[in-house]
Each structure stands twice: as structure tokens, then as C-alpha cells.
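What follows is one structure encoded as C-alpha cells, with my remarks underneath.
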Amino acid sequence: MDNHYNPKDVESKWQNIWQENKPFCAPLDSEKEKYYLLEMFPYPSGRIHMGHVRNYAIGDVVARFKRMQGFNVLHPMGWDAFGMPAENAAIEHGIHPAKWTYENIDSMRQQLKRIGLSYDWEREFATCDADYYRWEQLVFLKMFEKGLAYKKGSSVNWCEDCQTVLANEQVEDGCCWRCHNQVQPKELEQWFFKITNYADELLEWTNKLPGWPERVLSMQRNWIGKSYGCEIDFEVADSSEKIKVFTTRPDTLAGATFMSLAPEHPLVKSLVTSDQQQAVNDFIAAVERQDKADRTSGDLEKIGIFTGSYCLNPLNGEKIPVFLANFVLMGYGTGAVMAVPAHDQRDFEFAKKYQLPIRTVIQPQGVELVADQLTEAFSDPGVLINSGQFDGVDNESAKEQIAAFLDARGVGRKTVNYRLRDWGVSRQRYWGTPIPIIYCDSCGAVPVPEEDLPVILPTDVELTGEGGSPLARHEAFLQVTCPKCGKQAKRESDTFDTFVESSWYFARYTCPHYTDGPLDKKAANYWLPVDQYIGGIEHAVMHLLYARFYTKILRDLGLLDVDEPFTNLLTQGMVCKETQRCPEHGWLYPEQVEDGKCTLCQQLVELGRTEKMSKSKKNVIDPNQLIDQYGADTARLFSLFAAPPEKDLEWNEQGVEGCYRFLNRVWRAVDENSELIAAAQVPATVSGEASDLHRKTHQTIKKVSDDVDGSFHFNTAIAAVMELVNAIYAFKSAKENPGVLREALEAVVCLLNPFVPHICEELWQQLGHQQSVEASGWPTWDESALVTDEITLVVQVNGKVRGKIDVAATAEKQSIEAEALAESNVQRFIAGKEVRKIIVVPGRLINIVVG
RNA sequence: GCGAGAGUGGCGGAAUUGGUAGACGCGCUGGUCUUAGGAACCAGUAUCCUAUGAUGUGGGGGUUCGAGUCCCCCCUCUCGCACCA
């Protein structure tokens, strides 16, 4: 046996062939049915990690499987190339973000090619290419024209020391990650996309995407958060001002004993009385220091301050105090909450703390609810009390009746509220798509004329991490003349959120070289929607919702004709690994830790949690070593065999060896038998051991087909092929039945091809085929080969297994029962007892119930 | 906190969706062959045990002839929370 399996040779041979012959390029004009398969494109961090390998291996199985099934498959790859890490690299190492990014892309492309992924590389692009982002700028101008992009004030994290805006990720415990100075909120005018205009359509379509996991749809529905309720006006006492609140519980209105406003509420200034001014200022400053995400947390201590003003309850005219409260956010509803402590837990805790009155207005039918005795808010349904004319009404009807009462008096109205907020797309950063707007003192915000696009991101910038965005200091970029009036004007210096680029790249893949607009409508409409999208569960809401929204924008701008971008979605579980952190040096790579101590300072390392692999947490596993040692096929097979795709995977290399061993077994099985089976064919009739292998072959074809097609049970598909290979090794009468053996070996090679394509192409050639295995088609199974004459049934007594019987597959219920009762071990358990019932589950088991 | 998921041998996982719990693989134990074995092959491997027995799918209850699977309560872990991508 001198023809050993040598993955290095085999893999470079086939990768060269694929590079030369381009078998994965997808033509627009094809007789075949189209299939668009897409994995979420990577950020070019420089190195691929096991999460990438897993994601792209999953996608490649589907791409190759669909190609074998005869589809015209589009399977593209590109780069989500704008973003903060490139700027950080520039700040830390003085490399220009463009150079850093394009070098990373080159290195990652090489790494991806080593895995043997079947991409149409002709369609590759990076989102930082001006040929890409220029069309994003054009779409922005169209959105601006239609009022779908607008400007409004919004708060950012500001570091006074660095004079710069910080991303949430750059804020640690309320402090700047670089200088550890306290971060403050700062109000800036920023661009927003009106995603709220599409809230209802985005919500409705969550019921029309059967190919999406229910949990993702559920998260998106909750994110949109449509709720029906009532907007109510509370007049401010001794003033003409009104405080608007949104509530889903107008039925509790009579129980509103105070009002809570967000500290950011615009009315705060006019409401605060002079004697409360100082206390309120201190309070607002304290709340500003609190993390936004924690503000609504139930754990957070509820704090508040009296403004000195009162407002009037529109139901009963009662005068109630107006407070500011840390748990009320300006971003949701109206930024004001009518506080009903008896029936809302947060209000209850707040009222207890500040000794505010608690009044029950709903109680369960027939039970008296005494406010003084409440230990928590009562939020169940019930009947109204203390509510004047509405007493005795059940609370569901009271919602309607009170809304109508308020409406009739012009002080309230039924409304729909969404949790979803408009999408803020302005970033005060350099490495992103320039927003194509010019500010003129006379004309205001003027769009850059279409013929002047693209607004090219200048390359001659200095990045320091201080003093705000470099574009804001780049005079040659900033200074322009107003396209409308010709006077001196200034460019917008903010760039887009990188989520904008990732919201339409899948559409651009259909026509990446098109020069007359963002999309070639013919290509877009042929390929879209994406038939199968694959990516991490961490994108369940934001990216996937933005992409859905942007698709509807493109549709409404007449650029394509689909309503939704992704017909089927597979959310891959994360590849996780334990993190390690030094109190002084932050996250550490595994090689920086020795005996639980940081090698830089010898301090004890905090053992972190198991988290998703990310460069910033330094818990990334680099697959290159694995590929060097075992080859790409083994790395692919292992990442697919280790767990089902949806499941999170805690990284552990145990088992790689087994996958390599298996590929060696496959190799030898073909190699050792290739002469014997050279021209063999399956005979018309097979019997005995040969018939068992013949059946096993067809069972495996069926099992793998079912597991791969639509259900992604790759781990069990691979297990099934392993069983078939075990059966091939156990097959003793190969010499007498070379045809049956050939059939089994060819099935193994075909079925494995989507998983481990290099070795399969090589073995397919060795089996004497001229055509590639991928072009040879997916094997089909013969139903008649699956049939067995005899089946084994389990016999239970009172639900416990007591024996097994072999019966003819065609046996009648009566004879099965008789045989089960006669089984010797079963006899022991039913002797002397009354048989009450016999349950026969066809093809499975018999349960004898005795008493 | 809110929203969404997950929990099965020493380990990764399987279970036809209410019907034999532990497929397949790793690891481990013993053996064959070999100058050698970190190669290959064969046998064994949930736990307790004298077992044709009992127990067993994060914990506790329930429904059922039968529950890993369905229902209720609890625990632990993971993801997202709007400027990481």
C-alpha cells in the first residue's frame, strides 16, 4: 500500500483546478433553476477563525449539494470592510486603515481558498471600494428626497479628554477605554433612517417567512414591539403646558398618583421650580453617569426627584406631583409615564421609596384589595374600583371605555406605539462611507448632486484617536461650494454606520460590476431573494432587521422587485471559548498565560466565561495549524461533525483525529479495491450479505439526502456515511460481489463530496470517472432496495422492555400479539397477572399492560 | 432587567418528533500484528450490581399504557438590547 492519503497534494491539486476552470461561476442565462446561497460576509480582521470555518463549511455543503442536485448556484464572497478595528489599528500601529484592510483581505482570501470553498470569486468586492459605496450614497440621496433620511438631535458617548465620540464598546464601566475618563452624553445632530415607517410591514412579514427560525422571528417581533394603548394629556397645574403619556393601561388611570418623566424630557426646564433647581441638576448629573442599558433594569435602584410642579389627572381632575425618574427613558413612548403604583411594579417600588400614595383601582372579582397591605403591584385582570363612573367595569372593557371618554373630551386618544426607534446612521468616524451632504449657511443641508458622486473618502488623514473624526479636520475635504447657490459651504464629515453596507451587499452580489446604478434590475430579480442565508445567531435582530428594511427601501425606489431579502435563514450557533483577563493588561491570549498568571506582570488571571470568539476578547482559535496538520477536508469535516449547525460549540479539539482517521479509511477502501471493482456492475438480483450492503447503501443515500436537504443535520449525515464505511470494511464477500461494493464506494464518495470535496474529487477520478464528482449529480436511492422481510419489535410489560421478537414485515396484529405474549422473558413478567390491554405500535413495539 | 435559546455517559453528540435512551465519533480498557507503534485491525465501555434485576436525560411536581420529548414551578449557562461587526 504505497498510495497514501496525502491531503496537502490532493488539496492543492484540486484547488488549482478550481482556480483554472472556474466551475463555481454562476451564469445569468441558465436552463437550470437558480439557487442563491449566502453566508454572512466577514469583517476582514486579518485572520479567519473557527467560527468562520464553521460558517463557510456549512454554506459550502449546501452550495455543493445544490449544484449536484442540478441547480444554477450563486455562492459569492466579499468583505464587510469599513469599521472601527481598522481605525484602531491605525491609531495603535500607524498603518493606514485602507492599507490595513486591503492587506487583511488579501491574507483572508488566501486562507479561505485553502479551505476549498466553492465561491464565485469573480463577484468579490469590499464595501470600502468606492465602486460599492458610491451606490449607497446614491440610495441615501433618494431616501433624503423622500423624507426617509432625516436629521435630528441625538445623544452620543463623549470623552472630554480625547475630544472624541466613543462607541458603546469603547466605554468600560462608564469610562473611556483609552484614558479612563468619565464618559458624558453629548447631544449631536445626526442622520436617521425612517425604519419606523416600515414597522408594520416588517412586523406583518414575520408571519410570512416560514423558512426562518421561529426564535428569530419572535425576537424581531418583540424588538418592533407593537403595542396598542392610549395617549393621554395631563395638563400642568397653573400652566398652559401639557405632558403627553403613552400607556397600555388606560384602565388604571384613576390610580395614577404621580407622574414620572425621563430626566432628558424637554419640559423639565419649565417644570422645575426654583427651590428644586439645585437638587434636580444634581439628580440629572447622577443619572447621566448610569449606563443606558442598566437604566431599565429591575436590579437598578429606582431613584427620582420632585420637580416642584404638579399636573392634573384628566379622569378626576386630581392634582398629582411630577417627578423625574431614572428608569424612564426618552427613547420609548413619550418619555413620560403616568405612575400607577398599585398596578405597576416599578411605580410601586418608587412610591414606597418616596412615600407616595398608592391607590388600588382594580381588584380581582369578589376580593377586596387594600392598598396598605400590598407587598407588590397587582397586575392581573379584575374589576375597576375607585374610578368613579367606571366602577364595576371589568378592566379589559374599561380600556376601551376610558379611551372613548378621554377622546370625547379631546384629552386622550387610542394609539399604537412601537418599541422600534428610527435607525441612527451617523458616525463621527473616518473609516466609513462619507454621507453625501453639503451644509450651506444660506441653503441648509444640500444633497451632493448625483453627477458628483461618489464622494470619495480622502486617504491623506492622520489618525490619533483624539480630537474627533479626522474628516472634520480635513480642510481640503470639508471646503466646497454650495451646489445650489455657489457660496462657500462645508461637507458633512460624518460617515455611515457600517450596518448600512451590510444591509444590501447580498443584492450587489447579483451584479457586482454594474456601472449604471446600484443594481442591474434583471440580475437582481433573477437571483433574489437569497434562497438560503446562513450566519450567526447574534445577528438575529439588528443586521437581519436592517437588511429587511433596506430591501423594502430598494423596492420602493424601484431598484428591485422583492419584498424580503432572505427566504430561508439558518442561524448558526457560535463557536465559543473561555476568555482570560489580567487585571492590568486586559484580555490575554492563551499563550500569554502560564500557571494561571499573566506572563507580562505575574498577576493572577481572572478565569473568564465561555464566550463567542472575538478578536477583542483574544479567545480566537486559528484554524491554520489544524489545516497544516490534517488538511482542509479534515478541518471542514470536524467542524461539521462536532455539533449540529444551530448549536453553540465550545471549542475542543478532541475528535479531529477521528475525522482524519475516517478520511484515511475512506481513502484506503477505494484504493485497496479499485482494481477489483474496476468494471463491475450491480447484478439484477443480490442476496445474503451482498443484499445487506446493497440495502445499507440505499438507506444511507436516503438518510444523507434527508439530513442535508433543508434540515442541515450534517453531523448525523456524516455519522450515516461512517456506518456505511464500517459496513464496507465488514463486507466479506467482495470478490463474489464487486458490483455491490462498487455501488457502496461510489455512494460514499458522492455523499461525502459536499463535506470534503478535495478527497472526493480525487477518489472519484481513481474510480475511473472523467467528469468531476460535483458534475456527476447527487445519487438517488431505490425504494425497493430499502425493504426488509423481517423486523425486530420490542416487547414491553407495563412500559419496561422485557424482550424482543422478530416478525415478518407483513405480520398481522393478532399474530404479533400472540408472539409477544409467548416470549419467554415476557412470560415471567405476566405470569399470574391479568392482561388488561395490549398496545401495538406498528414497526416499533408492543406494550402489554398487566395489573 | 427585558427579549430569545440551551441543559442527555469521562467528552462532542444521537433518538424516526409521545414508542428500545446513549447511533456515530473522541477518550479509556484489553487483545492481534509488528524490531517498534502516537499505524492498522478485533473486542469491551451510562451507573449500581451476583443479575434475565434496579436506577438514569439540570432539580421538583403533573398528564399518559408509555415522557429526553407534552404541561406547571425552580436552577444554571449562552446570545441580543439600538455606536462591536
Side-chain angles (χ1 to χ4, degrees), chain A residues 1 40 42-43 45 80 82-85 156-157 165-171 213-216 218-219 221-223 225 292-300 327 331 346 419-429 497-499 502 536-543 545-546 571 573-574 576 609-612 614-616 638 641-644 646-650 652-659 661-662 664-665 668 706 713 715-716 718-723 726 729 792-796 798-804 824-825 828-829 836-839 841 843-849:
Chain A
M1 199 182 67
M40 291 179 186
Y43 178 80
S45 60
D80 188 13
F82 276 137
M84 289 205 308
V156 294
N157 304 311
V165 176
L166 300 175
N168 287 343
E169 198 193 43
Q170 298 170 313
V171 180
E214 192 49 47
R215 67 161 155 161
V216 173
S218 167
M219 280 190 260
R221 284 182 201 117
N222 291 330
W223 185 267
K292 241 191 259 172
D294 291 345
R295 286 262 301 273
T296 50
S297 157
D299 292 346
L300 184 86
F327 61 86
R346 284 190 307 194
R419 209 186 72 96
L420 182 69
R421 306 200 299 265
D422 277 339
W423 175 13
V425 294
S426 294
R427 297 291 180 272
Q428 295 69 41
R429 293 182 210 294
D497 178 3
T498 58
F499 271 125
S502 57
I537 183 68
E538 68 270 27
H539 297 291
V541 176
M542 301 192 64
H543 161 61
L545 192 65
Y546 291 148
T571 46
M574 271 149 314
C576 298
R609 297 178 308 161
T610 299
E611 291 176 89
K612 81 170 173 184
S614 82
K615 215 182 170 187
S616 58
F638 176 60
F641 184 57
E646 301 87 349
K647 232 195 121 155
D648 286 348
L649 181 60
E650 196 177 331
N652 179 347
E653 273 188 36
Q654 278 187 13
V656 177
E657 199 77 42
C659 288
R661 209 173 293 165
F662 169 67
N664 269 290
R665 272 166 74 77
R668 287 200 316 272
D706 290 348
H713 295 163
N715 53 336
T716 52
I718 294 164
V721 182
M722 285 174 170
E723 284 189 55
N726 289 344
Y729 271 85
T792 303
L793 296 178
V794 162
V795 186
Q796 298 181 332
N798 286 348
K800 293 190 190 256
V801 179
R802 299 301 181 189
K804 287 175 190 178
S824 62
N825 196 45
R828 289 184 20 186
F829 285 88
R836 291 198 178 146
K837 202 164 155 191
I838 300 179
I839 292 144
V841 183
R844 302 234 164 273
L845 57 68
I846 302 104
N847 190 12
I848 301 165
V849 185

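Just so you know, these numbers come straight off a predicted model, no measurement behind them. Every chain is numbered from 1, with letters handed out A, B, ... down the list of sequences.
- Within the nucleic acid shown, A:Ala540 has no heavy atom closer than 4.0 Å to any nucleic acid atom.
- Atom CG in A:Asn222 sits about 7 Å away from atom P in B:rG3, given to the nearest Å.
- Here the side chain of A:Arg427 is nearest to one of B:rC83, B:rA82, B:rG53, namely B:rC83.
- Rounded to a whole angstrom, the distance from the P atom of B:rG61 to that of B:rA6 is 24 Å.
- Using a 4.0 Å heavy-atom cutoff across all strands shown, A:Pro42 reaches no nucleic acid atom at all.
- Remark: A:Arg215 is not in phosphate contact with B:rG5, judged by side-chain N or O atoms under 4.0 Å from OP1 or OP2.
- Note: A:Phe499 CZ to A:Leu545 CG = 10.5 Å, rounded to the nearest 0.5 Å.
- Across all strands shown, A:Leu420 has heavy atoms under 4.0 Å from base atoms, whether or not it also approaches the sugar-phosphate.
- The main-chain N or O of A:Arg802 is found under 3.5 Å from a side-chain atom of A:Asn825 such that the two form a donor-acceptor pair.
- Comparing the P positions of B:rG66 and B:rA40 gives a spacing of 48 Å, expressed to the nearest Å.
- Side-chain N/O atoms of A:Lys647 include one lying less than 4.0 angstrom from OP1 or OP2 on B:rG13.
- By the rule that a glycosidic angle within 90° of 0 means syn, B:rU78 does not qualify and counts as anti.
- For A:Gln796, the listed nucleotide lying nearest its side chain is B:rU20; candidates were B:rG3, B:rC83, B:rU20.
- Listed pair A:Arg828 / B:rA51 fails the phosphate criterion, with no side-chain N or O lying under 4.0 Å from OP1 or OP2.
- Looking at heavy-atom distances under 4.0 Å, A:Val801 makes contact with sugar-phosphate atoms alone, never a base.
- To the nearest whole angstrom, the two C1' atoms, one in B:rA67 and one in B:rG10, are 27 Å apart.
- Positionally, the nearest nucleotide of RNA chain B for A:Asn825 lies more toward the 5' end than for the other of A:Asn825 and A:His539.
- Considering only the side chain of A:Asn847, B:rG66 comes nearest among B:rG66, B:rC81, B:rC79.
- OP1 or OP2 of B:rG53 sits under 4.0 Å from a side-chain N or O of A:Arg802.
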Worked check of side-chain contact (heavy atoms from CB on, under 4.5 Å) between A:Val841 and A:Ile846:
CA-CA 6 Å; A:Val841 183; A:Ile846 302 104; over 6 Å; no
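- Put simply, NZ on A:Lys804 is 11 Å from P on B:rU20, counting in whole angstrom units.
- Contact annotation: A:Thr716 side-chain N/O to B:rA14 OP1/OP2 distance is not under 4.0 Å.
- With both ends at atom P, the span from B:rG58 to B:rA39 equals 35 Å, rounded to whole Å.
- Here B:rG9 is in the syn range [glycosidic angle within 90° of 0].
- The A:Asn715 side chain lies nearest to B:rA14 when the options are B:rA82, B:rG12, B:rA14.
- Per the geometry, CG belonging to A:Asp706 stands 15 Å off C1' belonging to B:rU17, to the nearest Å.
- One P atom belongs to B:rG9, the other to B:rG53, and the distance between them is 24 Å to the nearest Å.
- The same atom, C1', is picked in B:rG12 and in B:rG22; the two are 13 Å apart, to the nearest Å.
- Looking at heavy-atom distances under 4.0 Å, A:Val794 makes contact with a base.
- The residue A:Ser426 sits close to a base: some heavy atom pair falls under 4.0 Å.
- Of the inter-residue distances, the one linking A:Leu420 atom CG with A:Arg221 atom CZ reads 15.0 Å to the nearest 0.5 angstrom.
- Closest to the side chain of A:Ser218, from the set B:rG7, B:rA4, B:rC83, is B:rA4.
- Residue-level contact check: A:Tyr729 touches neither bases nor backbone, having no heavy atom under 4.0 Å from any strand.
- Taking atom CG of residue A:Leu793 and atom C1' of nucleotide B:rG19, one finds them 11 Å apart after rounding to whole Å.
- The distance from the CG atom of A:Asp80 to the NE2 atom of A:His543 is 8.5 Å, given to the nearest 0.5 Å.
- In the set B:rA4, B:rA23, B:rU55, B:rU55 carries the atom at the smallest distance from any side-chain atom of A:Lys800.
- Contact annotation for A:Gly536: no contact, since no heavy-atom pair falls under 4.0 Å across all strands.
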For RNA chain B, the dot-bracket notation using Watson-Crick and G-U wobble pairs below 3.5 Å, [ ] for pseudoknot-type crossings and | for other-strand pairs, is (((((((..(((......[....)))((((((.......))))))(((....)))..(((((..]....))))))))))))....
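- On the P atoms, B:rG80 is 32 Å away from B:rG18, given to the nearest whole Å.
- Using a 4.0 Å heavy-atom criterion, one finds that A:Arg429 contacts the bases of the nucleic acid, with or without backbone contacts as well.
- No salt bridge links A:Glu646 with A:Arg215; every basic N to acidic carboxylate O contact stays at or beyond 4.0 Å.
- For the residue pair A:Asn726 / A:Arg665, a side-chain donor-acceptor distance below 3.5 Å is found, with atom types taken as modelled.
- For A:Asn664 and B:rA40, the shortest distance from a side-chain N or O to OP1 or OP2 is not below 4.0 Å.
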Short heteroatom pairs, N/O only, protein and nucleotides 24-28 of chain B, under 3.5 Å:
from   : atom 1 : to       : atom 2 : distance (Å)
B:rG25 : OP1    : A:Asn726 : ND2    : 3.2
B:rC26 : OP1    : A:Arg661 : NH1    : 2.8
B:rC26 : O2'    : A:Gly655 : N      : 3.4

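- Between the NZ atom of A:Lys837 and the P atom of B:rC65 there is a distance of 5 Å, rounded to whole Å.
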Close N/O contacts between protein and nucleotides 46-49 of chain B (under 3.5 Å):
none

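- Nucleotides B:rU8 and B:rA46 have their C1' atoms positioned 10 Å apart, rounded to a whole Å.
- With sequence neighbours excluded, the residues satisfying side-chain contact (heavy atoms from CB on, under 4.5 Å) with A:Glu723 are A:Lys696.
- The separation between A:Arg668 atom CZ and B:rA40 atom P is 7 Å, rounded to whole Å.
- Base contact: A:Gln428 has a heavy atom under 4.0 Å from a base atom.
- A donor-acceptor pair under 3.5 Å links the side-chain atoms of A:Asn157 to the main chain of A:Leu166, judged by distance alone.
- Residues satisfying the side-chain contact (heavy atoms from CB on, under 4.5 Å) criterion with A:Thr498, sequence neighbours excluded, are A:Phe82, A:Glu501.
- By the ring pair (Phe, Tyr, Trp, His ring centres under 6.0 Å) test, A:His713 is found to be paired with no residue, residues two or more places apart in sequence or in another chain being considered.
- Shown here for A:Asn222 and A:Arg419, the closest heavy-atom pair between the two residues is O-NE, 3.3 Å.
- No contact: A:Phe638 has no heavy atom under 4.0 Å from any strand.
- Nucleotide B:rA82 holds its C1' atom 11 Å from the CH2 atom of A:Trp423, rounded to whole Å.
- If you measure from atom CD of A:Glu169 to atom C1' of B:rC84, you get 4 Å, rounded to the nearest angstrom.
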